[in-house]
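Structure first, then comments.
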Amino acid sequence: MVFGTRAARLRGRAFTLVELLVVIAIIGVLVALLLPAVQAAREAARRSQCSNNLKQFGIGLHNYHDTYNSFPPRRGGTGNSIVSTTDTARRSGNYDRKSAFLFLLPFIEQQPMAQQIEAGNASISIVPGGPAGWYTNANWPPHRVQLKVIVCPSDNILGLGTGVGKNSYAFSLGDTITNHNGPNVATRGVFGGSNRCKGFNHITDGSSNTIAMSERVYHTQSGFRAANLDDVRTMTALEPTVNTNPGACLAWMTNKRYIPSAQVKGRFGALWSDGQAERVGFVTVLPPNGP
């Protein structure tokens, strides 16, 4: 009798199947309600980190200017005229292709890497100052290192951490449309060629009204090909009349996608050490997120 009474009490305390299903349903509703909030909080944290990265570059640019009385070149270093013309491996100089990221390394808490590049590597014939910006051989680690400060956590970069180092940020060329590369280029933006570096004295309308750097959407590296409804933010289109009619670019897109007849190319963000405009630069001719 005692055991029967206790068993009856235990049965009275147990969940029924209906109650269990109700609890599971409530938990499911709560998860559905909370998940968007959690995702939004995570994205807010990623966006905050992205802003902090750009802030760090802003501080780095100011410190660089304090040291050299100018901003770094977007593309600079050892010019083509003083390196070997038979150096097919591009190790006897950097061919004026060091990106501004490399110049800024000591000012974004990357002094050891900067020292490694300046020392070169005599055992593999790499001169002090480093090889060409596009030299990606595995025997030269600096160009293959992925620095966290150079990528936005929200950017969906394929192959991040493998192969060569990639970047989410770019240097402003202003509204200079063509002929961006070369040591003597004087762009209408902050960053020009290695022989035409600019300082605060060149920013006549004030630094608070001038864009220095920006985030730019990454795209997997691709040479010229027919567009496949590519996002206009990720590719560059071939437009012969762009230097006289920038608005012609708009004809190559519909609904923020390049039309199939467009010839497009994706180079941005695929190699942070190379100072070519298509890899580390952007222009301000058209509004943000345009073609």
Side-chain angles (χ1 to χ4, degrees), residues 1-59 101 108-110 144-170 211 213-222 225-237 250 252-260 262 264 266-272 282 286-291:
M1 181 66 70
V2 173
F3 292 114
T5 302
R6 185 178 181 186
R9 289 201 302 272
L10 290 175
R11 284 195 300 270
R13 294 175 182 174
F15 283 108
T16 67
L17 179 59
V18 173
E19 291 172 330
L20 183 60
L21 292 174
V22 169
V23 171
I24 293 174
I26 293 173
I27 292 174
V29 171
L30 291 175
V31 169
L33 292 174
L34 292 175
L35 188 58
V38 172
Q39 291 175 332
R42 288 178 176 175
E43 178 57 23
R46 289 191 289 264
R47 294 177 69 86
S48 177
Q49 181 60 52
C50 194
S51 297
N52 287 337
N53 289 347
L54 283 171
K55 181 179 180 181
Q56 186 169 343
F57 275 111
I59 295 172
F101 289 121
I108 55 171
E109 302 180 355
Q110 298 296 331
R144 302 172 67 86
V145 171
Q146 185 58 68
L147 299 177
K148 289 185 177 180
V149 71
I150 294 180
V151 294
C152 175
S154 295
D155 206 353
N156 183 26
I157 297 181
L158 299 176
L160 190 64
T162 61
V164 298
K166 300 171 179 62
N167 56 286
S168 299
Y169 305 114
I211 295 175
M213 296 182 67
S214 174
E215 180 189 357
R216 184 177 172 187
V217 179
Y218 172 85
H219 188 277
T220 304
Q221 181 161 300
S222 170
R225 60 169 173 78
N228 186 23
L229 295 179
D230 298 276
D231 187 330
V232 296
R233 299 173 301 171
T234 65
M235 306 289 280
T236 301
L250 299 174
W252 292 112
M253 76 169 191
T254 180
N255 297 325
K256 296 295 181 180
R257 301 273 176 181
Y258 281 118
I259 60 178
V264 296
R267 284 286 190 265
F268 174 74
L271 182 58
W272 69 278
F282 75 101
L286 296 178
N289 301 319

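The figures here come from the full heavy-atom set of this structure, side chains too, leaving out hydrogens, waters and symmetry mates. If you read the sequence from its start, that first residue is 1, and numbering goes on from there.
- Arg225 and Asp230 are joined by a salt bridge, as a carboxylate oxygen and a charged side-chain nitrogen come within less than 4.0 angstrom of each other.
- Here the shortest heavy-atom pairing between Phe268 and Val217 reads CD2-O, 3.6 Å.
- Residues Ser168 and Val151 come closest through the heavy atom pair OG-CA, 3.4 Å.
- Inter-residue side-chain proximity for Trp252 and Ile259 is flagged as met; some heavy-atom pair is nearer than 4.5 Å.
- Considering only heavy atoms from C-beta on, Leu147 comes within 4.5 Å of Gln110 through its side chain.
- Applying the ring-ring contact (aromatic ring centres under 6.0 Å, His included) criterion to Phe101, with sequence neighbours excluded, gives Phe57, Phe171.
- In this structure, Phe282 has no ring-ring contact (aromatic ring centres under 6.0 Å, His included) partners at least two apart in sequence or on a different chain.
- Contact between Val164 and Ala270 at its shortest, heavy atoms only, is CG2-O, 3.1 Å.
- In this structure, the separation between NZ on Lys55 and OG on Ser48 is 10.0 Å, given to the nearest 0.5 Å.
- Listed by chain and number, the residues in a side-chain hydrogen bond (donor to acceptor under 3.5 Å, both in side chains) with Tyr169 are Asn53 (sequence neighbours excluded).
- In this view, Ser154 and Glu43, Arg46, Arg47, Cys152 satisfy the side chain to side chain contact (heavy atoms under 4.5 Å, CB included) rule, not counting sequence neighbours.
- Taking Ile27 as the reference, Val23, Val31 meet the side chain to side chain contact (heavy atoms under 4.5 Å, CB included) condition, with sequence neighbours excluded.
- Side-chain atoms of Lys148 do not come within 3.5 Å of backbone N or O of Gln146 as any donor-acceptor pair.
- Taking the side chain as every heavy atom from C-beta outward, Leu54 and Met213 approach each other to under 4.5 Å.
- Partners of Leu286 by side chain to side chain contact (heavy atoms under 4.5 Å, CB included), not counting sequence neighbours, listed by chain and number: Cys249, Leu250, Pro291.
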**Message:** Lys166 vs Trp272, test: side chain to side chain contact (heavy atoms under 4.5 Å, CB included). Steps then yes/no.
**Reply:** CA-CA 5 Å; Lys166 300 171 179 62; Trp272 69 278; over 6 Å; no

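- Note that the OG atom of Ser222 and the CE atom of Met235 stand 4.5 Å from one another [nearest 0.5 Å].
- The side-chain hydrogen bond (donor to acceptor under 3.5 Å, both in side chains) check on Asn167 picks up nothing, with sequence neighbours excluded.
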**Request:** May I have the step-by-step check of side chain to side chain contact (heavy atoms under 4.5 Å, CB included) for Leu20 and Thr16, ending in yes or no?
**Result:** CA-CA 6 Å; Leu20 183 60; Thr16 67; over 6 Å; no

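- Applying the side chain to side chain contact (heavy atoms under 4.5 Å, CB included) rule to Gln56 yields the partners Ile108, Glu109, Val149; only residues at least two apart in sequence or on another chain are considered.
- For Arg233, the side-chain hydrogen bond (donor to acceptor under 3.5 Å, both in side chains) partners two or more places apart in sequence, or in a different chain, are Asp231.
- Applying the side-chain hydrogen bond (donor to acceptor under 3.5 Å, both in side chains) rule to Thr254 yields no partners; only residues at least two apart in sequence or on another chain are considered.
- Closest of all the heavy-atom pairs between Tyr218 and Gly269 is CE1-O, 3.2 Å.
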